[in-house]
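Let me begin by presenting the structure, written as structure tokens, before commenting on it.
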Amino acid sequence: MKQIPAYLRLSGLEPMVQTPNTNFINIGERTNITGSKRFARLILNDQYEQALDVAKQQVENGAQIIDINMDEGMLDGKAAMVKFLNLIASEPDISRVPVMIDSSKWEIIEAGLKAIQGKGIVNSISLKDGEEAFIERAKKIKWYGAATVVMAFDESGQADSYEKRISICKRSYDILTQKAGFPPQDIIFDPNILTVATGIDEHNNYAVDFIRATKWIKDNLPFAKVSGGVSNISFSFRGNDVVREAMHSAFLYHAIQAGLDMGIVNAGMIEVYEEIPKELLERVEDVLLNRRDDSTERLLEYAEKVKGKGKQIVADLSWREQSVEERLKHSLIKGITEYIDEDTEEALEHYKRPLKVIEGPLMAGMSVVGDLFGSGKMFLPQVVKSARVMKKSVAWLTPYLEAEKEEGQTQGKILLATVKGDVHDIGKNIVGVVLACNSYEIIDLGVMVPAERILKEAKEQNVDVIGLSGLITPSLDEMVHVASEMERLNFKLPLLIGGATTSRVHTAVKIRPQYSGPVVHVLDASRSVPVAGSLISEEQRADFTKKIDEEYKTLHQQHLARQADKVILPIEEAKENKLKLDWKSYTPPLADNYDVQVIDDMDLSILRKYIDWTPFFLTWEMKGRYPKILEDPKLGDEATKLFKDANQMLDELIENKTLKARAVYQIFKANEVNGDVKLEQGETLNFLRQQRKMGNGIPNLSLADFVAPAESGKTDNVGLFAVTAGHGIEALLKKYQEDHDDYKSILLKALADRLAEAFAEYLHEYVRKEFWAYAGNELLDNESLIREKYQGIRPAPGYPACPDHTEKDKIWDLLNVEQHTGIELTDSYAMYPAASVSGYYFSHSESKYFAVGRIGEDQLKDYAGRKSEDIKKMQRWLGANLF
């Protein structure tokens with residue numbers, strides 16, 4: 001029997017379930033008669049129809065719950081509450097969200113509970129009237145089927161310190177759960193957001209104490225939630241919206257990190273945290289975090305400067321008064337495209353010939369960009385923006401260049417290509433941009449380019465260097481093939497090797513011996529410039545090539561020595577040392593549904609919550625863990641700008657439904673048989689086993705070890721899946737290409753990859769918790785999902801635990817992947833669209849990720865036999881595990 005997770009479940013006309021992955025919940029505050037003068041005026045004047053507009057605007061502006069309060073001395077609060085709730089019930093645009101009944105009078109709360117539809121929230125109850133009344137009201141709220149806010153009050157008054165907050169909340173929690181039988185997931189604590197910067201020293205720690213108490217509640221009171229009235233924090237600065245908005249945003253930033261689930265917030269009174277001016281943010285956080293004795297005075301001083309200015313920002317355009325050369329340089333360095341056409345036109349009038357503009361101010365500006373990037377004073381996103389400016393300027397000049405049939409001087413001509421069978425090109429695009437910024441002419445042949453075309457174009461275009469890129473492991477063999485073809489055809493050009501699966505060792509051991517010309521592995525975009533310069537320069541080429549040759553010979557010898565030191569067990573011994581699980585006392589969890597499942601158009605706004613942003617920044621060669629990278633002393637400013645641009649693009653993708661995300665998945669009855677996994681349908685999933693000699697007690701793992709063996713007499717399950725978030729990307733990429741916008745093109749590809757991974761994460765969670773439901777009680781936040789704290793794994797063919805890409809054929813056949821999702825497999829088993837993920841689901845609690853590593857010829861033969869495949873074919877596909 002499935003156990004329902006202990007989530008906070010609310011509803012208006014529509015359900016709202018707060019899972020661990022739900023973002024902060026906004027509670028609209030404008031239908032509170034004590035907090036909104038407009039709403040109070042409308043209610044007191046009996047203008048209820050107009051008051052409904054206030055509620056509707058709240059929902060339209062993003063309120064996920066609306067707080068309704070009718071506590072006014074000149075009003076029959078009970079009658080007003082019932083009347084307004086009844087009117088809301090007839091407005092589906094409002095009543096679709098849950099209601100929070102807010103009152104200090106119990107009779108108003110109870111009247112509201114009788115009137116609302118769905119499951120709402122009571123705001124609030126507390127121990128201030130004693131334990132007996134507290135229990136009685138809690139039981140009534142439970143009977144009415146509502147959740148409740150519990151204020152940090154007791155018989156002695158309001159909690160205003162960390163110690164009092166946690167003490168009262170702990171006592172309240174114990175009473176509610178043990179004496180009132182109240183569901184803990186329906187308890188929402190409000191530990192009192194109190195005003196800071198009042199000039200009273202005792203108030204200085206109010207924000208810190210609230211944040212600490214929030215974390216304590218989430219760590220110590222299982223399933224309880226935390227809320228609060230956010231505007232209270234800034235009452236000292238009433239009348240100064242600039243400061244108040246900054247205080248709200250900064251407070252929320254820190255409180256949400258501590259675990260704040262929801263809050264009564266006016267969305268119009270919140271600034272984007274990343275956009276708060278640095279000086280204001282520093283002074284606000286000094287106050288909120290009580291970092292300085294003079295923090296209040298310093299914030300008051302700043303507040304006087306911005307009082308009454310609102311959000312108006314005056315752009316500094318003084319640079320527009322400089323010479324056209326300086327303006328072009330400024331635009332290139334800052335990535336500003338707004339004035340590039342008019343400045344390029346002015347430069348053409350001055351220099352007379354388009355080539356002179358390119359070789360003069362544009363190249364001078366890009367030279368500064370290259371120097372700044374090389375010295376670490378500019379970061380990759382900035383460089384790509386600079387390239388966008390350069391391309392737009394050159395595009396404006398192109399008709400004049402064609403008319404004069406001129407070609408400018410460059411540092412050299414470089415051909416780049418993603419090799420045959422591979423569709424990933426973000427890294428190659430970035431390398432191309434960086435090289436172009438350093439005055440190299442780039443010929444980009446795109447993706448899935450066969451060797452013959454690469455070499456044909458290299459000859460016809462008379463290039464100086466060939467650069468190969470690839471992501472999947474079969475691309476390594478294709479690069480070896482290109483190198484051998486270059487040798488056969490007597491090429492002498494330098495060959496650059498790059499991509500996620502490539503390495504210096506593989507280049508030295510596998511590619512370099514195939515080609516007598518210079519072969520160099522390039523780790524990242526920033527290294528490509530000095531390498532290209534050294535290879536093209538007549539003065540540097542000989543010494544650089546000699547140095548690389550010596551280095552790669554040493555790497556080759558070291559690799560051979562390491563391989564000799566590694567003890568590879570005979571495959572039969574490795575099988576004997578398999579993982580031995582206790583299958584007698586273990587009952588595999590079985591799914592209820594074994595039919596194929598298809599998701600045709602997944603909501604990207606849901607996937608957004610599952611994004612792991614750290615790899616996104618790594619794509620841009622910005623190393624650091626999200627969200628800490630946003631505060632990094634060196635990278636923080638540019639990382640924040642990049643993050644803002646990414647989220648703005650995400651907003652547009654979601655709103656315009658530009659990308660379409662699709663998935664297919666299915667659970668199969670299965671058992672382990674002879675080191676493989678046999679499905680009930682008759683298909684066999686083949687897996688490799690670690691073959692190196694392990695330490696004492698350490699098994700040689702295979703993924704098949706995590707599935708119940710047939711001889712156990714127990715049926716087990718495994719799952720297969722494929723997801724994509726890449727449909728629709730080509731049209732948008734074409735648009736960016738036509739607009740000479742590499743920055744947005746790379747940004748889009750990086751986001752699509754992140755969305756595909758997020759889709760895989762979301763789907764795996766859904767399968768674990770609901771569809772297969774072997775982990776129905778799982779309660780994990782997104783960070784825990786990223787760190788794979790859950791039970792079970794989802795390994796993918798081609799990755800370390802199952803490095804054989806050809807196994808994807810079985811997933812495609814069993815799930816009919818191409819028909820259901822449109823994801824195609826290339827000749828090298830790359831997935832197209834590139835923003836796609838496929839793999840397996842294993843449920844056993846002992847299942848984990850590992851690397852098969854090096855295997856012996858005996859396992860290769862054994863594996864090929866089990867697959868009924870030609871051994872030479874498998875030798876090719878498993879080359880990376882054999883060398």
Side-chain angles (χ1 to χ4, degrees), residues 313-373 377-414 429-430 432-444 461 529 638 641-642 645 648-649 652 732-748:
I313 298 173
V314 180
D316 180 11
L317 295 177
S318 58
W319 65 279
R320 299 296 303 153
E321 300 170 7
Q322 297 177 332
S323 68
V324 70
E325 290 84 358
E326 288 299 314
R327 277 181 269 141
L328 286 170
K329 183 171 78 173
H330 182 89
S331 291
L332 287 164
I333 294 172
K334 296 295 184 182
I336 300 170
T337 59
E338 186 176 355
Y339 306 97
I340 195 63
D341 285 355
E342 63 186 80
D343 286 347
T344 304
E345 183 176 10
E346 184 178 335
L348 181 60
E349 291 174 3
H350 177 71
Y351 285 85
K352 307 302 182 186
R353 298 177 64 193
L355 190 59
K356 294 295 184 184
V357 176
I358 293 172
E359 294 181 345
L362 291 178
M363 284 300 187
M366 290 310 291
S367 178
V368 174
V369 170
D371 291 343
L372 290 171
F373 180 57
K377 294 176 182 176
M378 278 184 78
F379 304 107
L380 187 58
Q382 294 169 294
V383 173
V384 178
K385 289 178 182 177
S386 298
R388 174 173 62 184
V389 178
M390 179 72 172
K391 284 190 172 184
K392 286 182 177 292
S393 181
V394 172
W396 195 94
L397 292 168
T398 295
Y400 301 96
L401 285 166
E402 291 176 348
E404 294 189 5
K405 303 293 183 184
E406 286 189 298
E407 288 187 11
Q409 296 295 315
T410 68
Q411 296 270 41
K413 191 182 288 188
I414 300 177
N429 293 160
I430 289 172
V433 168
V434 171
L435 287 169
C437 286
N438 285 270
S439 305
Y440 292 94
E441 182 182 347
I442 303 302
I443 299 165
D444 189 340
Q461 300 276 4
V529 175
E638 285 308 314
K641 290 176 186 175
L642 179 63
D645 289 346
Q648 183 177 336
M649 181 176 280
E652 293 169 1
L732 200 50
L733 288 175
K734 183 180 179 184
K735 174 189 169 188
Y736 293 145
Q737 183 179 7
E738 291 170 351
D739 200 30
H740 313 287
D741 198 337
D742 285 320
Y743 179 69
K744 284 189 176 178
S745 177
I746 294 170
L747 193 64
L748 175 61

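Between I414 atom CD1 and I442 atom CD1 the span is 4.5 Å, to the nearest 0.5 Å. Annotation: the span from K356 atom NZ to H350 atom NE2 amounts to 12.0 Å, rounded to 0.5 Å. Of the inter-residue distances, the one linking E326 atom CD with R320 atom CZ reads 12.5 Å to the nearest 0.5 angstrom. Note that CG of L733 is 10.5 Å distant from CD1 of I746, once rounded to the nearest 0.5 Å. Remark: D343 CG to K329 NZ distance equals 14.0 Å, nearest 0.5 Å. Here the NZ-CD distance, from K641 to E638, works out to 4.5 Å after rounding to the nearest 0.5 Å.
Pairing each heavy atom of S393 with each of T344, the nearest pair is OG-OG1, 2.8 Å. Of all heavy-atom pairs between G365 and L332, the closest is CA-CD1, 3.7 Å.
Using a 4.5 Å heavy-atom cutoff, the side chains of V357 and L362 are in contact. Inter-residue side-chain proximity for L328 and I340 is flagged as met; some heavy-atom pair is nearer than 4.5 Å. With a 4.5 Å cut-off on side-chain heavy atoms, K334 and K385 do not count as touching.
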Apply side-chain contact (heavy atoms from CB on, under 4.5 Å) to I336 and V389, showing your working.
CA-CA 7 Å; I336 300 170; V389 178; 5.6 Å; no

Between W396 and L348, is the side-chain contact (heavy atoms from CB on, under 4.5 Å) condition met? List the steps.
CA-CA 10 Å; W396 195 94; L348 181 60; 3.8 Å; yes

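The only member of E321, R327, E325 that meets side chain to side chain contact (heavy atoms under 4.5 Å, CB included) when paired with S323 is E325. Exactly one of K391, R388, K734 qualifies for a salt bridge (Lys or Arg N to Asp or Glu O under 4.0 Å) with D741. That residue is R388.
The backbone N or O of Y736 sits nowhere less than 3.5 Å from a side-chain atom of S745 that would complete a donor-acceptor pair. With K392 contributing its side chain and D739 its backbone, the two residues share a donor-acceptor pair below 3.5 Å.
For the residue pair Y743/D645, the side-chain donor-acceptor check at 3.5 Å is satisfied.
Within a 6.0 Å sphere centred on CD of Q737, heavy atoms belonging to other residues, nucleotides or ligands number 12 at most. Other residues, nucleotides and ligands contribute at most 12 non-hydrogen atoms within 6.0 Å of the CD atom of Q648.
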